[in-house]
Amino acid sequence: MSCIFCRIVAGEIPAEIVAREADAVAFLDVQPLADGHVLIVPRAHVPTIEELTPAGADALFRLVTRLAGPVREALGGEATTIGINNGEASGQTIPHVHVHIVPRRRGDGAGTIHTIFPRDVRQKLPQVGAAIRKALGSS
Ligand code: 5GP
Ligand code: ZN
């Protein structure tokens, strides 16, 4: 088994585990962006979010929901930023889907999700909406 997160889930390599559930596990990021930076992973090796089963998605996001408040409170945060790098081109470095929770406070110097992107918009909203509805198989 070469996946680092599978090995953490299996207890083969150490991690600071903060929650264990039947289908999802949460542990501290080894290179935290802030105190309390937590990663939540499904126990099953699933590379990206679109490959999760409905039950896998439920388990993963139930644990994210359960942890968001306690992670913030434990570190005296005022808010959290919650995000997923979904796919290698987005910057995902470990191909086992994981949700980051990072505690935030006013004036912490970090940006918002909007600051990740240099705005690059080429199509009108109705055109984009139609393309996504078509991909979804609805009209
Ligand atoms: P990504 O860039 O794929 O969204 O995030 C991967 C995260 O996993 C990074 O924040 C990185 O610090 C963390 N990470 C990488 N290797 C390990 C490890 O062996 N243990 C833990 N706890 N976190 C890791
Ligand atoms: Zn894995």
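Ligands are counted one by one from 1 in listed order, and the atoms in each one are counted from 1 as well. Because the structure is predicted, anything quoted here is derived from the model rather than measured.
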Locate the shortest heavy-atom distance separating Cys6 from His96; write the atom from each residue and the value.
-> SG-ND1, 3.5 Å
Show which atoms of ligand 1 fall inside a sub-4.0 Å distance from at least one heavy-atom site of Phe27.
-> 22 (N)
Might you confirm whether atom CZ of Arg66 has over 12 heavy atoms from other residues, nucleotides or ligands at distances under 6.0 Å?
-> no
Would you kindly specify which portion of Leu33 sits under 4.0 Å from ligand 1, judged on non-hydrogen atoms: side chain, backbone, both or neither?
-> neither
Above 12 or not: heavy atoms from other molecules or residues under 6.0 Å from CD of Glu73?
-> yes
Nearest neighbour in protein (non-hydrogen) for atom 3 (O) of ligand 1 = Thr93 N, 2.7 Å
Would Ile8 count as a contact of ligand 1 if the rule is a heavy atom under 4.0 Å away?
-> yes
Residues, nucleotides or ligands: over 12 heavy atoms within 6.0 Å of Ile113 CD1 | no
What is the name of the N/O/S atom in His45 that sits closest to the Zn ion (ligand 2)?
-> ND1
What about Ala15: any of its N or O atoms under 3.5 Å from an N or O on ligand 1?
-> no
Could you tell me whether the side chain of Arg104 and the main chain of Gly111 form a donor-acceptor pair under 3.5 Å?
-> yes
Would you tell me which option among His96, Glu88, His98 has the nearest heavy-atom contact to atom 6 (C) of ligand 1?
-> His98
Name the closest protein heavy atom to atom 22 (N) of ligand 1, giving the residue it belongs to and the distance to 0.1 Å.
-> Leu28 O, 2.9 Å
Residue Asn85 vicinity, atoms of ligand 1 by number, heavy atom under 4.0 Å | 1 (P), 2 (O), 4 (O)
Is it true that atom CG of Asp58 has more than 12 heavy atoms of other residues, nucleotides or ligands lying nearer than 6.0 Å?
-> yes
Min N/O separation Gln92 to ligand 1 under 3.5 Å = no
Phe5 and Phe27 aromatic ring geometry - parallel, tilted or perpendicular at 30°/60° bounds | perpendicular
Report whether Leu60 and Val25 are members of the same hydrophobic cluster (ILVMFWY, side-chain heavy atoms less than 4.5 Å apart, transitive linking).
-> no
Does ligand 1 have a heavy atom under 4.0 Å from the side chain of Ile4, from its backbone, from both, or from neither?
-> side chain
Top protein contact for atom 23 (N) of ligand 1, by heavy-atom distance | Val30 N, 3.3 Å
Pro42 and Val9: which non-hydrogen atoms are nearest, and at how many Å?
-> O-CG2, 4.4 Å
Give the residue and atom name of whichever protein heavy atom lies nearest to atom 10 (O) of ligand 1, and the separation in Å to one decimal.
-> Asp29 OD2, 2.4 Å
For the Zn ion (ligand 2), find the closest N/O/S atom on His96 and give its atom name.
-> ND1
Against heavy atoms of His100, which atoms of ligand 1 measure under 4.0 Å?
-> 1 (P), 4 (O), 5 (O), 10 (O)
Are Ile4 and Ile84 linked, directly or through other ILVMFWY residues, by side chains that come within less than 4.5 angstrom of each other?
-> no
Within 4.0 Å of some non-hydrogen atom of Ile94, the atoms of ligand 1 are 3 (O), 15 (C), 16 (N)
When you measure from the side chain of Asp29 to the backbone N and O of Val38, does any donor-acceptor pair fall under 3.5 Å?
-> no
At a non-hydrogen distance cut-off of under 4.0 Å, which region of Leu39 contacts ligand 1 (side chain, backbone, both, or neither)?
-> side chain
Using non-hydrogen atoms of the residue, decide whether Gly91 is closer than 4.0 angstrom to ligand 1.
-> yes
